[in-house]
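Keep in mind that this is a model prediction, so the values were computed, not measured. Letters A, B, ... are given to chains in the order of the sequence lines, protein chains preceding strands, and every chain is numbered from 1.
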Number of protein chains: 4
Amino acid sequence: MSEQDNQRGPKFRRRAEARPDEVLDAALDLFITKGFAATRVEDIARQAGLSKGAVYLYFPSKEALMEGLVRRAVAPIASLALHQLEGVEGDPRLAISATLRMVAGKLADPRLIAIPRLIMREVVQFPELAEMYRKEVLEQIIPVAIGLINRGIAEGYLRPVDPELTVRSIVGPIALHLILAEVFRMTPADGLAMDRLMDNHLAILFDGLSLPERAK
Amino acid sequence: MSEQDNQRGPKFRRRAEARPDEVLDAALDLFITKGFAATRVEDIARQAGLSKGAVYLYFPSKEALMEGLVRRAVAPIASLALHQLEGVEGDPRLAISATLRMVAGKLADPRLIAIPRLIMREVVQFPELAEMYRKEVLEQIIPVAIGLINRGIAEGYLRPVDPELTVRSIVGPIALHLILAEVFRMTPADGLAMDRLMDNHLAILFDGLSLPERAK
Amino acid sequence: MSEQDNQRGPKFRRRAEARPDEVLDAALDLFITKGFAATRVEDIARQAGLSKGAVYLYFPSKEALMEGLVRRAVAPIASLALHQLEGVEGDPRLAISATLRMVAGKLADPRLIAIPRLIMREVVQFPELAEMYRKEVLEQIIPVAIGLINRGIAEGYLRPVDPELTVRSIVGPIALHLILAEVFRMTPADGLAMDRLMDNHLAILFDGLSLPERAK
Amino acid sequence: MSEQDNQRGPKFRRRAEARPDEVLDAALDLFITKGFAATRVEDIARQAGLSKGAVYLYFPSKEALMEGLVRRAVAPIASLALHQLEGVEGDPRLAISATLRMVAGKLADPRLIAIPRLIMREVVQFPELAEMYRKEVLEQIIPVAIGLINRGIAEGYLRPVDPELTVRSIVGPIALHLILAEVFRMTPADGLAMDRLMDNHLAILFDGLSLPERAK
DNA sequence: TATGAATGAGTATTCATTCAT
DNA sequence: TATGAATGAATACTCATTCAT
C-alpha cells in the first residue's frame, strides 16, 4: 500500500485507536455549534474524516455519542479540581482564590465549558447525562469545597456560613459571567475580562460589598 | 347550553380570543419539557385543545411560536424589576436586598424562568431570540442596577467596585442555585430553600465571607 | 338596511342570482393562471368577492367548479360556429374562410380559448370534462364542417379529400399557432399576427404550397 | 447468485448506474398519467422499484424531476429532426414529406409526445421548462425548416409564402390530429390512421384543397 | 474495518371541507 | 344566505440506521 493511498484523508492516517476520540471531538464541536437535534450523523462523520457507516462501528447510535462525550469528559474534569483542593493547609481563602482562578481560566477555554453547556442544553433529552455529570463531577468536587469551607470556619478564617449554599456564592458569579457572555453576547467592553471579574468577585466574596465604616 | 358543554363537546369550538395565548402556553410547556426540536406541532395543538391546523391560523410556523413566546414574555419581565429599582433613595443595599428577594421569589416560579431557560437551550437555533431578550430585558435592567451601585459607591455605602462586574456577584449565586436545581437536581436537603440561600448570599455579598478579626 | 351595509363589497352588491357566475369567472381566471391543483378555493372566493364558505353554497366541491365551468361554456361555443356554417350555399370555400377568420378572431380572445386550454391541461384529472366538451362542442361542429366539405366535393369546388381528416388541415394550423404563442411564447416579431396567419394559411389551404408550373 | 435474485429480493439493492434514468422513466409515466400535482413522490419511487428516500439521492426535489425529465428529452429530440432536414438537395417538398412522415411516426410513440404534452400541461407551474424546450428544441428545428422553405421558394418549387407562418401549416394538422386523439379521444373509425392523415394532409398542403378547374 | 447507497419512520405544512354563528 | 374559525387527511422531505460490498 503506497503513499498515494492516503490521498483523501489527513496527511497521514492516525492510528485506528484514536478514531473514537476523533469522532467524539467532531460530535462535540457540532453539538455545541448546532445542537444535538440539528446535527446530522453524516456531518459528524465528515468532520471526523470518515464515513457515516464508520461512525456506527464505534458508537451504536447518535445518542451513544452524547453519552460517550460526557463520559469522556467526566473523569479528567473531576480530578482536576480535586488536586487543587485536597490537602491544602492554612487559610482556605488562599486555596479558594487559587482554585477559582484556575477554574475560571479553564472555563474560558471553549473545549471545557462545552460539556456542561451541552448538558444544560440537552438535559431534557438526556437527563441521565446530567445525573452522570452530577455524580461524577459535581458530587466529587462540591463535598471537598464544603469541607474546605467548614475547616475555614472551624479555624476562624471564615464567617459561620452555610457551606453548601456558600458554594453558590463562590462559583455563581463566574457561571453567570460566562452565561451572559456565551448566551447573550454580553461582555464588558474589553472582552471577557476574566481576570478583572475574578479580582472584583474575590474582593466582594471575602470582604463584602459594604464599605467598612471608617470612623468607628 | 351550559358552560360544561364546551368541555370537549362539538367538533368545532369557536374563537376564544385567548386562543393564541393558549397556544403559546402549550408551546412553552412542551418546549420546556421536551425541547423545541422534540416537540411536535400536533402535541402543542392537542395540549392547547385545538387541532394542528388551527395552530397555523395563529402562527405561521413552528419557529414563529418560539418567537411569539419570547416576545410575549419580554415586556412584563422587563418592567417588573425596573419598578423595584427606580427612584429608590437611601442605602442601596436595602433596594438590592428587596429586589433580589423579589426576583428570587419570581424565579422560583417555573413559568418565569421558563423563557430564559428556553433561550439558553435553543440559542444556537434562534440566536435572534437571545438578542431580543438581551435588548428588551437585560439591557433595560442592568443599567439600572449599575446606576444603583454607582450611587451606593458615591454616597459611601459601597466599596468602590466595578459596577458592571458586580452585577454578576449579586445575581450569579441565585442563577447558579437555580441551574444546579433545575439541571442537575442538586438542592439542599430541605428543597430549593430559596430563603436560606438569599440570607446566606446577602450576608456574604454585603459583609464578605471572611470573619472579621476581632481581637486584632 | 342602509348603504353603509355594503361597506366591504363592490360598490353595490350584485343580485344574488349572478353569484354562481361570478364564482365561475373567478375560478376560470385562476385555473388558467395557476392550474386547477394550485388554485385554492379561498383564492376563488376572494377573487369573486365572497367568502370561502359561500362558494360551497353554490358548488358542492372544487371539482364541481371545473364541471360548472365547462358546462357553462359548452352551449354558446357550440351554437357559435353552427350558425356560421349552417345553410350556406354556393362555394364552401367562402364559408370556410369566413368561419375560420371568425373563429380565429374569437380564439384570440383569452376568455374563449380558456376552456379548451383548461381541458387540455386537466384532462387526466377530469376525463369526463373532455368527453363532455367532445360531445357538446366538437361532435356538434365537426359533422357540420364535414358536411360542408362533402358538399364542396360533390359540387366540384373541392378536391376529393377525406373530409374528416381535412378538418385537421383546416383548423390545425390555427391551433398550432395558438399553442406556440401561448405555451412557448413563440410569435412572429409583430405579435400574434392572426390576420397574416389566416391569409397565409388559407392561401396554402386552398391552392397549395407548390408553385404552379407556369410554362407547362 | 443468479440474475433472478435481483428481482425483488434483498432489502438493499446496489447502485444500478441507471437509477436516475429509471426514476425519470417512472416519473414521466406518472406525470403523464396523473399529472404532476397528483403524482406522489412515493408513487414514483415504487414504480421505479426503490424507496422514497432513494429518489432524493438522485433528485433534490419533486420539481427537479420535472426539470430532469425535460432536460433528458431535449437533446435527442432536437438532433432527431435536424439530421433529416440538413443538407438535403433538390425539391424541398420531398424532404418535407419524408421528415413529416418520420416525425408523425415518432409522435405516435407515446414516449415521445409525452414531454411536449407534459410541458403543455404544466407550463403554468414550470414556465422555465417551456422556455427550455423552446430554446433547445423549437428554436433549433424551426429555423432549419424555415431555411428549407426559403430555398424552395428561391428555387421555384414553392409559392412565395411567409416561411415562419407556413411552418404552422405544415405541422399544425398533425398536432391537431394528435390533440383530438389524445385529449378528446376523437380518432377516425379505423384508429389513429396516421398514414391516411399524412396522405390527405400532404396532398392538400402541396396542391391545395381547391379542385383545379379543368376546363380552363 | 470502511463505504455510502438504500431504507422508511417521522413531521411540518397545506388546503378542501364543515359548521357554529 | 353568509362567514371564517376549525378540522384533519394528505404529502414532500429529512435523516438515523442498515447492509451489500
(Q) Quick check for you: among F:dT7, E:dT14, F:dA12, whose closest atom lies nearest to any side-chain atom of B:L50? (A) F:dT7
Q: Step by step, work out the side chain to side chain contact (heavy atoms under 4.5 Å, CB included) result for C:K52 and C:I44.
A: CA-CA 8 Å; C:K52 201 176 11 156; C:I44 298 171; over 6 Å; no
Q: Round to the nearest Å and state the distance from A:M66 atom CE to F:dA16 atom P.
A: 14 Å
Q. Would you call B:R72 and B:D25 a salt bridge, using N to O less than 4.0 angstrom?
A. yes
Q. So how far is it from D:I119 CD1 to D:Q125 CD, rounded to the nearest 0.5 Å?
A. 14.0 Å
Q: Could you list by number each residue of residues 34-44 of chain B showing a heavy-atom separation from DNA chain E of less than 4.0 Å, or answer none if no residue does?
A: B:T39, B:R40, B:V41
Q: First locate atom CG of C:L24, then atom CD of C:E67, and finally report the distance between them rounded to the nearest 0.5 Å.
A: 11.0 Å
**Q.** Among E:dA6, F:dT3, F:dA6, the nucleotide that comes nearest once only the side chain of C:A54 is considered
**A.** F:dT3
Q. What's the CZ-P distance between B:F59 and E:dT14, to the nearest Å?
A. 15 Å
Q: In sequence, state the C-alpha distance, the side-chain angles, and the governing distance for B:L118 and B:M66, and then conclude on side chain to side chain contact (heavy atoms under 4.5 Å, CB included).
A: CA-CA 9 Å; B:L118 197 52; B:M66 261 298 252; 3.8 Å; yes
Q. Toward the 5' end of DNA chain F, which comes first, C:L57 or D:S61, by nearest nucleotide?
A. C:L57
**Q.** Atom-to-atom span, CG of B:L65 to C1' of E:dT11 - whole angstrom
**A.** 14 Å
Q | CZ on B:F59 to CG on B:L69, rounded to 0.5 Å | A | 8.5 Å
Q | All side-chain contact (heavy atoms from CB on, under 4.5 Å) counterparts of D:S61, not counting sequence neighbours | A | D:E63, D:A64
Q) C:R121 side chain to C:F31 main-chain N or O, any donor-acceptor pair under 3.5 Å? A) yes
Q. What about C:K62, does its side chain sit under 3.5 Å from the base of E:dT17 through a donor-acceptor pair?
A. no
Q. OP1, OP2 of E:dA5 versus side-chain N and O of D:Y58: anything below 4.0 Å?
A. no
Q: Convert the base pairs of DNA chain F into dot-bracket notation, remembering that pairs crossing earlier ones are written with [ ] and that bases paired across to another strand are shown as |; include only Watson-Crick or G-U pairs under 3.5 Å.
A: .||||||||||||||||||||
(Q) On the side chain of C:K52, is there an atom forming a donor-acceptor pair with the base of E:dT17 - under 3.5 Å, no angle test? (A) yes
Q: Could you walk me through whether D:T33 and D:T39 pass the side chain to side chain contact (heavy atoms under 4.5 Å, CB included) test, one step at a time?
A: CA-CA 9 Å; D:T33 314; D:T39 297; over 6 Å; no
Q: Look at the side-chain N and O atoms of A:R19 and state whether any lies under 4.0 Å from the OP1 or OP2 oxygen of E:dT1.
A: no
Q. Nearest-Å distance, OH (B:Y56) to C1' (E:dA16)?
A. 18 Å
Q.
In whole Å, I'd like the distance from the CD atom of B:E63 to the C1' atom of E:dA12.
A. 11 Å
